[in-house]
There are 2 protein chains.
Amino acid sequence: MKIEEEIRQKPFKDVYTKAMVNLLYTHSYLVSRQSRLFKPYGLSPEQYNVLRILRGKHPDPTTVSSIQDRMLNKMSNASRLVEKLKQKGMVERKECAEDRRQVDITITDKGLETLSRLENEVKLFNKDSIQLSEEEANQLNGLLDKLRG
Amino acid sequence: MKIEEEIRQKPFKDVYTKAMVNLLYTHSYLVSRQSRLFKPYGLSPEQYNVLRILRGKHPDPTTVSSIQDRMLNKMSNASRLVEKLKQKGMVERKECAEDRRQVDITITDKGLETLSRLENEVKLFNKDSIQLSEEEANQLNGLLDKLRG
DNA sequence: CTGTAATAAATGTATATACATTAAATACAA
DNA sequence: TTGTATTTAATGTATATACATTTATTACAG
């Protein structure tokens, strides 16, 4: 459905304002769905993302600041997200030997199992949530990459 | 920059997962910028959006549920956002005569003035934040509308 | 070496999202 | 008309974002 109908608004005067609103609205649509997907696993979308970052380095650890760097939301708070995951037994934390300011985070077996149980479901979910052909999805990726300048 | 570089990740195996991550990342990029834009005016991005909804109906009032309906984030909480705007003197609240369950919200002169001071700046901001040609921005809007099914 | 700057992580606070529950008013079927 | 269901708004709680500040450690200029 066109964005103007979805939020019951009169047509936008300029295409950039419309694109901004459209991006915000589409994001909300996707994240609401994601929350429902992850809920049965006791994870939020951001916690899931942190687990994926950690799996990418496993069995090597990742420092908190390196997690922050790779997070989708740069303004988020890796320190607190890691704490939540630790409470769930999905990550381990230990002081970094070479630089005692840093903290090494490693994903646990439980974390890896949770990711693996989610893997297929997430893949289907992503395809199902994005009602585009592969070619259109590629186009979208190109436009988003360009958009950010 | 390509999304894989921005979050230092290996290439995505499927285009839908890449599009999902790209949308989440681009949203975060835009909202972080928006927060900085609105901050000097004492508004959050969502509060600004609610003010715009109210201006669309002004001088008629809008009920809380109608605001909720038009919000970009359907899971948000119009009731609490209205309360914040009321504390800033930008909206008025009064019981609806025909249906006493409902509450009529009206934007105040102060709210209208704030929007009007922001108008040009926001327009420039949107164009500046979305580094696309008009044609590309139209394409993006089409893809986002289609994506949501 | 010493002191200052820079860096890493944690923490504090305000706002917002996600979702469940409650309270009041209204609609509507029996 | 009465009782049940529905609707509207408010509220409670957990999580996350945005940003400032603090604390500990390391880097590095003098």
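Chain letters run A, B, ... following the sequence lines, proteins first, then strands; residues in each count from 1.
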Sugar-phosphate, base or nothing in reach of Ser32(B), heavy atoms under 4.0 Å: sugar-phosphate
Protein-nucleotide distance (Glu46(B), atom CD; dT17(C), atom C1'), rounded to Å: 9 Å
Test log, rule side chain to side chain contact (heavy atoms under 4.5 Å, CB included), inputs Ile67(B) and Met71(B): CA-CA 6 Å; Ile67(B) 295 171; Met71(B) 282 176 62; 4.1 Å; yes
Between dT17(C) (C1') and Arg36(A) (CZ): distance, integer Å: 13 Å
Nucleotide-resolved protein contact map, nucleotides 2-15 of chain D, B/S/- at heavy-atom distance under 4.0 Å: -----BSSBBBB-S
Tyr25(B) OH - dT17(D) C1' separation (whole Å): 16 Å
Residue mapping more 5' on DNA chain D - nearest nucleotide basis, Arg100(A) or Ser76(A): Ser76(A)
Nucleotide dA8(C), atom P - distance to CD of Glu98(A) in whole Å: 13 Å
Between C1' of dA9(C) and CD of Glu95(A), the distance in whole Å: 12 Å
Atom-to-atom span, CG of Leu24(A) to C1' of dT17(C) - whole angstrom: 14 Å
Pairs meeting criterion side chain to side chain donor-acceptor pair (under 3.5 Å) with involvement of residues 134-146 of chain A, two or more places apart: Ser133(A)-Glu136(A), Glu136(A)-Lys146(B), Asn141(A)-Asn22(B), Asp145(A)-Arg148(A), Asp145(A)-Asn22(B), Lys146(A)-Glu136(B)
For Leu124(A), side chain to side chain contact (heavy atoms under 4.5 Å, CB included) partners two or more places apart: none
Nucleotide dT17(C), atom P - distance to CG of Asn73(A) in whole Å: 13 Å
Lys/Arg N to Asp/Glu carboxylate O, Arg101(B) vs Glu95(B), below 4.0 Å: no
Length of the CD-C1' vector between Gln68(A) and dT17(D), whole Å: 11 Å
Under 3.5 Å: donor-acceptor pair, side chain of Arg70(A), backbone of Ile53(A): no
Test: Asp128(A) and Arg33(A) ion pair at under 4.0 Å: yes
